[in-house]
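Here's the structure, in C-alpha cells; my notes come after.
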Amino acid sequence: MHTLRQPDDRHAYTLSAAHPPIAAVPCGESIGVETVDAFGGALRSEADLFSERCPGPPRSNPLTGPIYVEGAEPGDTLLVTIERIEPRGDQAVTALIPEFGALTGSAQTATLDEPLPERTRVLPIEGGDLVWRDRLRLPLAPFLGTIGTAPDLEAISSLTCGYWGGNLDCAETGPGATVWLPVKNEGALFFCGDAHALQGDGELTGVAAEMAARVVLRFGLLKAAPIAAPRITTDTHLMALGCARPLEDAARMAARELVRWLADEADLDPLDAYELVGLVGELRVGALVNPNYSVAAKIARRWVDQLSPRAG
C-alpha cells in the first residue's frame, strides 16, 4: 500500500485550491496518509508550552494535502472511507492554552477574567489505552479532527469548518465511517490531519488527545450528486453536519440537512421526515471552541432501513 507524506514537511494551514496536489490517487484503492498532530509535533514534554513552542494561528492545525482524486469534478460528492487510524508514536498530548476553550474568555468571547494557567499534559499510549495521570486507562477512540475538500475560490483556515468539511472535530469520523464531502474543484483536492486519540463531546478545553497518525483511506465518488454540507455514514447511523455560530444555528443546519436527506432517500414528505427526526433523531456536539461550532444530527439506520433500501 502506498503511503502519502507531506513533501518537505511543508504542511498546509488552509484548505485551498491554490496548494499544488501532493499526489493523484484513483478511486477504490486503499492508501496510507501520514499526519502530524495539531501542534506540528512541537509539544513533546510537559515542559513544552504552546505559547513558547508554537507560532499559533494562523499557523496552527497543519494538514496533509491536497490529494487529487482522479475523476472528481465539481458537482460530485467525494466519499472518504476511513479504514484505519493508528498512532505514529507512543504518546498523545493535550494542553490548556491561554484564552482558548469553552470555559474561559477567548478572542471571540472576550471577558476581563484572567486566562487559565497554561500547561501541557503528556498521555502515554499503552496497549490501546491512554494513561491519564497514572490513575486511569482510557481506551483509544481515534478519529480525524480535520477532514475536507478545497472550497470554491476561497482559502479557508484549517482551524474552522463549513460546507467543505474542515475542522469538524466530530468523533464520528473514525474507523469504519464514510465521510461525504462536496467537490468544488477538479480532483476534489482533499486534506486531512488533526488526528485525535480521544476527545469528549464539544472538545471543551479546546484541545483533544492530539497525536500524529497513519490513516488508511479509500475514496469513492457519487457523480453529479452535489450536497450542501458534509455527511457521515456508519454501520449504525446516517449523519449530517452543521457548522456555525451560535451553537443553535449549527444544530439547526445539521437537522435541516438530515431532514432533507431523509426525505429524499426514503421518499418521504419533508414534513414527515421532520416529524420522524423529531421523534428518533440524535444530536452530537463536535466542537464548542472553534471559529465555527460543529454539530452532527443523526438517525439510526434501523429506522431508515425500514423505510427505504436506498439510504447510505
- prompt: Could you go step by step and tell me if L123 and V131 meet the side-chain contact (heavy atoms from CB on, under 4.5 Å) rule?
  reply: CA-CA 6 Å; L123 302 166; V131 180; over 6 Å; no

query: Would you find a donor on one side and an acceptor on the other, under 3.5 Å apart, between the side chain of D264 and the backbone of W261?
result: no

query: Does CZ belonging to R119 count more than 12 external heavy atoms closer than 6.0 Å?
result: no

message: Between S16 and A155 (side chain of the first, backbone of the second, donor and acceptor by atom type, cut-off under 3.5 Å), is there such a pair?
response: no

field: Check: T149 side chain, V183 main-chain N or O, donor-acceptor pair, under 3.5 Å
entry: no

Connected via hydrophobic side-chain network under 4.5 Å: I147 and V69: yes

- request: State whether the side chain of T35 and the backbone N or O of L63 hold a donor-acceptor pair below 3.5 Å, judged by distance alone.
  value: no

- prompt: Does a sphere of radius 6.0 Å around CD in Q108 hold more than 12 heavy atoms from other residues, nucleotides or ligands, not counting ones at 6.0 Å or beyond?
  reply: yes

task: Verify, without hydrogens or angle tests, whether E46 (side chain) and V122 (backbone) share a donor-acceptor contact under 3.5 angstrom.
output: yes

- request: With sequence neighbours excluded, tell me which residues meet ring-ring contact (aromatic ring centres under 6.0 Å, His included) with F219.
  value: F190

- prompt: Is T120 reaching over with its side chain to a backbone N or O of D48, donor-acceptor style, under 3.5 angstrom?
  reply: yes

message: Once ring-ring contact (aromatic ring centres under 6.0 Å, His included) is applied, do any residues pair with Y293, and if so which ones, sequence neighbours excluded?
response: none

- prompt: Does R231 reach the main-chain N or O of L238 with its side chain, forming a donor-acceptor pair under 3.5 Å?
  reply: no

task: Provide the full list of side-chain hydrogen bond (donor to acceptor under 3.5 Å, both in side chains) pairs with a residue in residues 90-104, sequence neighbours left out, each pair given once.
output: none

query: T233 and R301: side-chain contact (heavy atoms from CB on, under 4.5 Å), yes or no, with the steps?
result: CA-CA 9 Å; T233 51; R301 279 187 178 273; 3.6 Å; yes

Sequence neighbours excluded and cut-off under 3.5 Å, please list the side-chain donor-acceptor pairs for residues 270-277, or say none.
none

message: Checking E282 against H237 for the side-chain hydrogen bond (donor to acceptor under 3.5 Å, both in side chains) test, could you report, in this order, the C-alpha distance in whole Å, the side-chain angles of both residues, the deciding distance, and whether it holds?
response: CA-CA 10 Å; E282 306 168 43; H237 285 81; 2.9 Å; yes

field: ring pair (Phe, Tyr, Trp, His ring centres under 6.0 Å) partners of residues 130-150, not counting sequence neighbours, each pair once
entry: F143-H196

task: Would you check if the side chain of E118 reaches a backbone N or O of F50 as a donor-acceptor pair within less than 3.5 Å?
output: yes

Presence of salt bridge, R218 and E83, under 4.0 angstrom: yes

- request: Heavy atoms only: give me the nearest G71-D76 pair and the separation to one decimal.
  value: O-OD2, 3.7 Å

message: For N185, is there any backbone N or O sitting under 3.5 Å from a side-chain donor or acceptor partner on D152?
response: no

- line: The salt bridge (Lys or Arg N to Asp or Glu O under 4.0 Å) partners of R252 (sequence neighbours excluded) come to D249

